Amino acid sequence: MIALRALAARLWQQPYLLLSITILTWAGNSIVGRAVRDSIPPMTLTACRWVGASLVVMPFAMHHIRRDWPVLKAHWRMVLLLGVLGVAAFNTFLYLGVHYTTASNALLIQASTPPLILIIGWMLNGERTTTQRLFGTLLSMAGVGVVVAQGSLQTLLHMKLNLGDILVLIASIAWASYTVLLPRRPDVHPLAFLTVTFLIAAACVAPLAAWEIVEGARIVWSPGAVGAIAYVALVPSVIGYICYTRGVALVGSAVSGQFINAMPLVGAFLAVLLLGEKLALYHFIGMAMILAGIVWFTRGR
């Protein structure tokens, strides 16, 4: 037990490992969402995700919530804003967006998140970037473009914007704003903060899930559907958000946001392992560009 606590304490101080775990869990979320897209309606899955995540963390968080409630109440506007932006709005607009656009378009548009973080950070906090960081961001974005376009410039040039693309862009703006504002969260226990934001997200998404049910959408229950709900409620929600929140606290919003560009790459490898998809040369070229951009961006740390 002492050894496990020591290991957890060391992990808690390793931002890049924490952010890598975050990206792995979130990429896995995309794979699971793709696998059950025909059996679980998107808003219903989102509602199950945040209600389930709230139930998972609630027993461990109640003590901290009671202790930190005066601070949470005093900063309720910021807590509400973070819950709406980073938990409710991002996932809702993303799930709605991919209903109307292709996965390739959605991945490419999400590559705008790191530069959006730099822009919003400058607008809200006066944060200035460097030539090194700008080059690293552009290099990683180009790597995402190579993966999404499957190594073909013509594929990239012939992509067309539609309603789904706009919704995904709104999701990216919401996530970038959440990342920039996250250091302003009240100084409370991480479980207290995350549980409250999960509850906010559940309250926001529940009406959308109810609307789906009214429209006739239903879950096709199976062991796979149950497993998918359990996974999204625990792994990308609880583990992923805890690691991301800590990563932002350790290295800031700009560096943490840069890791978002690795999601298409990690998702591609998980698709090979879990869905039997094939890797091509452009995957490895994109991988090299994405990783080189991240290394360049974080050089000196």
Side-chain angles (χ1 to χ4, degrees), residues 15-16 19 22-23 26 77-94 96-98 101 104-149 156 159 161-185 197 240-241 244-265 286 289-301:
Y16 300 130
L19 291 170
T22 299
I23 298 309
W26 288 350
R77 291 181 180 84
M78 180 56 65
V79 174
L80 178 63
L81 181 60
L82 290 171
V84 170
L85 283 175
V87 188
F90 170 72
N91 291 278
T92 299
F93 282 110
L94 181 61
L96 288 174
V98 296
T101 191
S104 296
N105 277 28
L107 288 171
L108 186 60
I109 293 169
Q110 286 184 80
S112 66
T113 302
L116 283 171
I117 289 173
L118 296 179
I119 294 171
I120 295 173
W122 170 73
M123 293 174 61
L124 297 182
N125 301 330
E127 298 176 1
R128 298 194 177 191
T129 190
T130 63
T131 303
Q132 172 189 321
R133 286 189 166 192
L134 183 60
F135 178 79
T137 299
L138 294 176
L139 183 58
S140 288
M141 288 180 63
V144 174
V146 170
V147 174
V148 171
L156 197 63
M159 286 184 172
L161 293 177
N162 56 33
L163 174 61
D165 298 322
I166 296 173
L167 293 172
V168 174
L169 179 59
I170 294 173
S172 299
I173 294 173
W175 185 257
S177 302
Y178 170 80
T179 301
V180 171
L181 292 172
L182 194 55
R184 301 189 190 183
R185 70 182 182 88
T197 55
Y241 270 77
Y244 190 75
T245 301
R246 179 60 177 172
V248 172
L250 290 175
V251 296
S253 58
V255 175
S256 301
Q258 185 69 9
F259 276 73
I260 299 297
N261 275 337
M263 282 185 60
L265 177 64
M289 295 173 68
I290 292 170
L291 295 180
I294 293 175
V295 170
W296 190 274
F297 190 98
T298 57
R299 192 176 60 175
R301 287 177 173 270

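Values reported hereafter were calculated over all heavy atoms of this structure, with side chains retained and with hydrogens, waters and symmetry mates removed. Note that this is a predicted model, so its numbers are computed, not measured.
Minimum heavy-atom separation, Val251 to Ser256: CG2-OG, 3.6 Å. In terms of heavy atoms, Ala171 sits closest to Leu94 at CB-N, 3.7 Å. When every heavy atom of Gly293 is checked against every heavy atom of Leu139, the shortest pair comes out as N-CD2, 3.6 Å. Across Leu85 and Ala174, no two heavy atoms sit closer than the pair O-CB, 3.7 Å. Considering all non-hydrogen atoms of both residues, Leu116 and Ala176 come closest at CB-CB, 3.7 Å. Taking every heavy atom of both residues into account, Leu167 and Phe93 meet most closely at O-CB, 3.5 Å.
With Ile117 as the partner, the side chain to side chain contact (heavy atoms under 4.5 Å, CB included) test is satisfied by one option alone out of Thr113, Ile119, Ile120: Thr113.
With sequence neighbours excluded, the residues that form a side chain to side chain contact (heavy atoms under 4.5 Å, CB included) with Leu80 are Trp76, Val84, Ile200. By the ring pair (Phe, Tyr, Trp, His ring centres under 6.0 Å) test, Tyr178 is found to be paired with Trp175, residues two or more places apart in sequence or in another chain being considered.
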Practice item. May I have the step-by-step check of side-chain contact (heavy atoms from CB on, under 4.5 Å) for Leu124 and Arg184, ending in yes or no? Key: CA-CA 11 Å; Leu124 297 182; Arg184 301 189 190 183; 4.0 Å; yes
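Using a 4.5 Å heavy-atom cutoff, the side chains of Arg185 and Val248 are not in contact. Tyr244 is listed as a side-chain neighbour of Thr179, based on a closest heavy-atom distance under 4.5 Å. Counting only heavy atoms from C-beta outward, the side chains of Tyr241 and Thr197 never approach each other to under 4.5 Å.
To the nearest 0.5 angstrom, Leu182 atom CG is 12.0 Å from Arg246 atom CZ.
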